[in-house]
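For this chain, numbers begin at 1 and follow the sequence in order.
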Amino acid sequence: MTLQQLRYAIEIANSGSMNEAAKRLFVSQPSLSNAIKELESELGITIFERTNRGISVSVEGIEFLGYARQIIEQAEIMENRYTGKKRSPVYFSVSTQHYAFVVDAFVKLMKLREISEYNLSLRETQTYEIIEDVRTLRSDLGILYINESNYKVMNKLFSDGNLKFTPLFNTNPHVYIRTGHPLATFELIRLEDILPYPYITFEQGDNHSLHFSEEMLSFTQIEKNIKVNDRATLTNLLMGTDCYTVGTGILASELNGEALITIPFESSEVFTVGWIAHKDRRPSEIASGYIEILNDIVARNYFDLNHFLL
């Protein structure tokens with residue numbers, strides 16, 4: 001077993017593709033595949049499961065990659081200390097529900113970190129995919145919410161995936177609308193107030209159960225519903241129409257300006273927004289720094305949210 005083989009395995013897990021990893025590593029795909037097969041044969045485990053749809057990290061592979069990353073990090077520290085050789089590019093990936101404050105934190109991370117070479121990834125995706133990304137080590141962190149309605153299902157998925165959920169903050173649902181919306185002057189919005197307006201929700205693909213719904217409320221009485229799959233589309237619809245959506249109440253003013261506002265919705269439900277990470281994977285320096293930025297953003301916004309908690 002060599003450090004090169006460990007780096008190969010880590011890169012494949014990061015990219016999620018043998019071909020893409022070969023391009024990044026500047027090696028041929030057959031050479032990369034053979035190196036991994038030799039490593040698996042030597043260790044007597046299957047690191048990557050091959051199917052017609054591509055590759056995925058096996059249960060054994062998740063544990064192995066946790067150790068491999070620690071070894072490579074320590075090797076790079078030694079190389080940097082004694083040879084002056086620069087460290088390898090920094091890799092960091094986040095999978096998240098469509099939260100503006102998560103993007104805001106990512107922007108601040110890039111401004112604060114002095115890294116000469118990096119490969120960062122921010123994936124706004126469906127709820128089930130967030131859990132899968134972190135479980136299979138495609139992402140370092142996943143950001144989503146749990147509540148009384150979905151916590152049993154979510155906690156079962158976390159447990160099965162060997163994942164740990166760490167809370168960021170609690171909040172009641174808030175309605176997101178444009179500043180010129182007919183309801184913009186309301187201090188509290190009730191169900192009967194929003195029934196005449198279109199409700200924008202995010203698509204969840206094949207996993208469209210209410211347990212994976214990104215919006216914090218599900219209304220059976222709603223007659224006007226619009227499905228979208230990205231936050232930019234949702235934002236444009238909110239700013240240009242009388243549509244609304246429901247979320248945490250945190251707005252990233254640096255990204256959205258003053259075009260949108262949030263108003264508390266009459267509800268006693270409490271939602272816990274937090275991050276998930278793999279239990280067998282020690283947070284990297286950059287991941288720890290990102291979590292600190294998230295906590296700082298939450299701390300700056302929490303007073304306003306706490307004011308509205310019912």
Side-chain angles (χ1 to χ4, degrees), residues 96-105 107-108 124 127 143-150 167-204 210 213-274 294-310:
T96 178
Q97 292 177 329
H98 298 77
Y99 297 135
F101 73 89
V102 173
V103 182
D104 190 17
V107 171
K108 287 178 169 57
E124 290 189 344
T127 303
I143 301 173
L144 39 68
Y145 80 80
I146 59 175
N147 68 343
E148 185 177 353
S149 300
N150 71 8
L168 282 169
F169 62 92
N170 295 327
T171 185
N172 295 119
H174 286 64
V175 176
Y176 287 66
I177 54 177
R178 63 185 177 90
T179 54
H181 195 282
L183 302 178
T185 59
F186 284 43
E187 294 185 359
L188 182 70
I189 292 179
R190 297 175 174 81
L191 177 60
E192 57 267 26
D193 299 325
I194 60 174
L195 284 178
Y197 304 102
Y199 186 22
I200 306 177
T201 59
F202 284 107
E203 291 182 344
Q204 292 298 328
L210 290 178
S213 173
E214 185 167 334
E215 293 68 39
M216 293 185 168
L217 292 174
S218 176
F219 304 122
T220 57
Q221 305 96 319
I222 294 297
E223 296 180 352
K224 303 173 183 178
N225 202 319
I226 300 174
K227 294 285 187 182
V228 299
N229 57 18
D230 68 85
R231 190 164 50 84
T233 301
L234 176 139
T235 300
N236 287 334
L237 286 171
L238 288 177
M239 292 191 298
T241 71
D242 286 340
C243 295
Y244 71 93
T245 192
V246 179
T248 64
I250 292 182
L251 276 174
S253 58
E254 296 90 339
L255 300 176
N256 292 328
E258 304 300 327
L260 300 179
I261 60 173
T262 67
I263 300 175
F265 183 81
E266 185 180 51
S267 172
S268 59
E269 289 193 67
V270 177
F271 298 79
T272 301
V273 179
L294 280 176
N295 285 325
D296 179 65
I297 291 175
V298 169
R300 286 190 287 108
N301 285 274
Y302 189 78
F303 174 79
D304 292 333
L305 287 176
N306 191 53
H307 174 72
F308 291 126
L309 290 182
L310 303 178

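Residues satisfying the side-chain hydrogen bond (donor to acceptor under 3.5 Å, both in side chains) test with T272, not counting sequence neighbours, are N170. For the side-chain hydrogen bond (donor to acceptor under 3.5 Å, both in side chains) test, residues two or more places apart in sequence or in another chain that qualify with K227 are T201. Taking the side chain to side chain contact (heavy atoms under 4.5 Å, CB included) definition, one finds that T233 meets it with V228, D230, L237, sequence neighbours left out. By the side-chain hydrogen bond (donor to acceptor under 3.5 Å, both in side chains) test, H181 pairs with no residue at all, sequence neighbours left out. P198 meets the side chain to side chain contact (heavy atoms under 4.5 Å, CB included) test with K224, I226, C243; sequence neighbours excluded. Residues satisfying the side chain to side chain contact (heavy atoms under 4.5 Å, CB included) criterion with T179, sequence neighbours excluded, are I261. D242 meets the side-chain hydrogen bond (donor to acceptor under 3.5 Å, both in side chains) test with R178; sequence neighbours excluded. Here N236 pairs with M239 under the side chain to side chain contact (heavy atoms under 4.5 Å, CB included) rule; sequence neighbours left out. For Y176, the ring-ring contact (aromatic ring centres under 6.0 Å, His included) criterion is met by no residue, not counting sequence neighbours.
The two residues K108 and D104 have their closest heavy-atom pair at NZ-OD1, 2.9 Å. L168 and V298 get closest at one heavy-atom pair: O-CG1, 3.8 Å. Pairing each heavy atom of L188 with each of I263, the nearest pair is N-CG2, 4.0 Å. Minimum interatomic distance between L294 and A105 (heavy atoms only, all atoms of both residues): CD2-CB, 3.6 Å. Between L183 and I177, the shortest heavy-atom contact is C-CD1, 3.9 Å.
In this structure, the side chain of N147 engages the main chain of N150 through a donor-acceptor pair within 3.5 Å.
Side-chain contact check for V270 versus N172: some heavy-atom pair is nearer than 4.5 Å. At least one side-chain heavy atom of V103 sits less than 4.5 Å from a side-chain heavy atom of E124. Between I143 and Y99 the shortest side-chain heavy-atom distance falls below 4.5 Å.
The aromatic rings of F271 and Y145 lie perpendicular to each other, with more than 60° between the two planes, well past the 30° mark. Note on ring orientation: taking the six-membered ring where Trp is involved, the planes of H98 and F202 are parallel (angle under 30°, cut-offs 30° and 60°).
The list of salt bridge (charged side-chain N to carboxylate O under 4.0 Å, His left out) pairs with a residue in residues 191-203, not counting sequence neighbours, is empty.
To the nearest 0.5 Å, atom CG of residue L234 and atom CD1 of residue I200 are 4.5 Å apart. Atom OG1 of T245 and atom CG of L238 lie 6.5 Å apart (nearest 0.5 Å).
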